[in-house]
Amino acid sequence: MKLIVAIIKPFKLDEVRQALTAIGVHGMTVTEVKGYGRQKGHTEIYRGAEYVVNFLPKLRIELAVASELANKAVDAITGSARTGQIGDGKIFVTPIEHALRIRTGETDSDAL
């Protein structure tokens, strides 16, 4: 089993969700986050004053998948979240040692 964490642009969420559903991923957790990388933020003008926005809004998507589905999920996220512009995001894949569904007590792959 693998845990995939992806940081993407907020307007790409629906495309990513549809791509993951198409390959058989049925659940994910989405969190609104702020951060920066190479973009280094940007400046905005509000009521005539200039403000520096250091942290940009992003979405953090987390999904647990079977190991054999991990590469397809990464490809689906990459293909649907890419705009070709700086700030498209990152994907991290880590192993999961153990999973448990609280309601039924199912473990590992059955819990996904």
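Predicted model only: the values in this text are computed from it and were never measured.
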With a 4.5 Å cut-off on side-chain heavy-atom distances among I, L, V, M, F, W and Y, is there a chain of contacts connecting [X] to [Y]?
X     : Y     : answer
Val93 : Ile7  : no
Val74 : Leu69 : yes
Leu13 : Leu56 : no

Side chain to side chain donor-acceptor pair (under 3.5 Å): which pairs involve residues 63-87, sequence neighbours left out? Thr83-Asp88
Looking at every non-hydrogen atom in both residues, tell me the closest pair between [X] and [Y] and how far apart they are.
X     : Y      : value
Ile96 : Ala64  : CD1-CB, 3.7 Å
Ala66 : Leu112 : N-CD1, 3.7 Å
Lys34 : Pro57  : CG-CA, 4.3 Å

Between Ile77 and Ile61, is the side-chain contact (heavy atoms from CB on, under 4.5 Å) condition met? List the steps. CA-CA 10 Å; Ile77 295 168; Ile61 299 173; 5.6 Å; no
With the side chain counted from C-beta on, respond yes when Ile4 and Ile91 share a heavy-atom pair under 4.5 Å apart, and no when they do not. yes
Would you check if Lys9 and Leu59 make a side-chain contact, meaning some heavy-atom pair closer than 4.5 Å? no
Under 3.5 Å, sequence neighbours excluded: what are the donor-acceptor pairs made by side chains of residues 19-31?
{"residue": "Thr21", "atom": "OG1", "partner": "Arg17", "partner atom": "O", "Å": "2.9"}
{"residue": "His26", "atom": "NE2", "partner": "Gly24", "partner atom": "O", "Å": "3.3"}

Which residues pass the side-chain hydrogen bond (donor to acceptor under 3.5 Å, both in side chains) test with Lys12, not counting sequence neighbours? Glu15
Could you state the interatomic distance from NZ (Lys2) to CZ (Phe92), rounded to the nearest 0.5 Å? 15.5 Å
For the OG1 atom of Thr94 and the CE atom of Met1, what is their distance to the nearest 0.5 Å? 11.0 Å
Please tabulate, for side-chain N and O atoms in residues 100-111, each donor-acceptor pair with protein atoms closer than 3.5 Å (sequence neighbours left out).
{"residue": "Arg101", "atom": "NE", "partner": "Glu106", "partner atom": "OE1", "Å": "3.4"}
{"residue": "Arg101", "atom": "NE", "partner": "Ala111", "partner atom": "O", "Å": "3.4"}
{"residue": "Arg101", "atom": "NH2", "partner": "Ala111", "partner atom": "O", "Å": "2.8"}
{"residue": "Thr104", "atom": "OG1", "partner": "Glu106", "partner atom": "N", "Å": "3.3"}
{"residue": "Thr104", "atom": "OG1", "partner": "Glu106", "partner atom": "OE1", "Å": "2.9"}
{"residue": "Asp108", "atom": "OD1", "partner": "His98", "partner atom": "ND1", "Å": "3.2"}
{"residue": "Asp108", "atom": "OD1", "partner": "Ala99", "partner atom": "N", "Å": "3.3"}

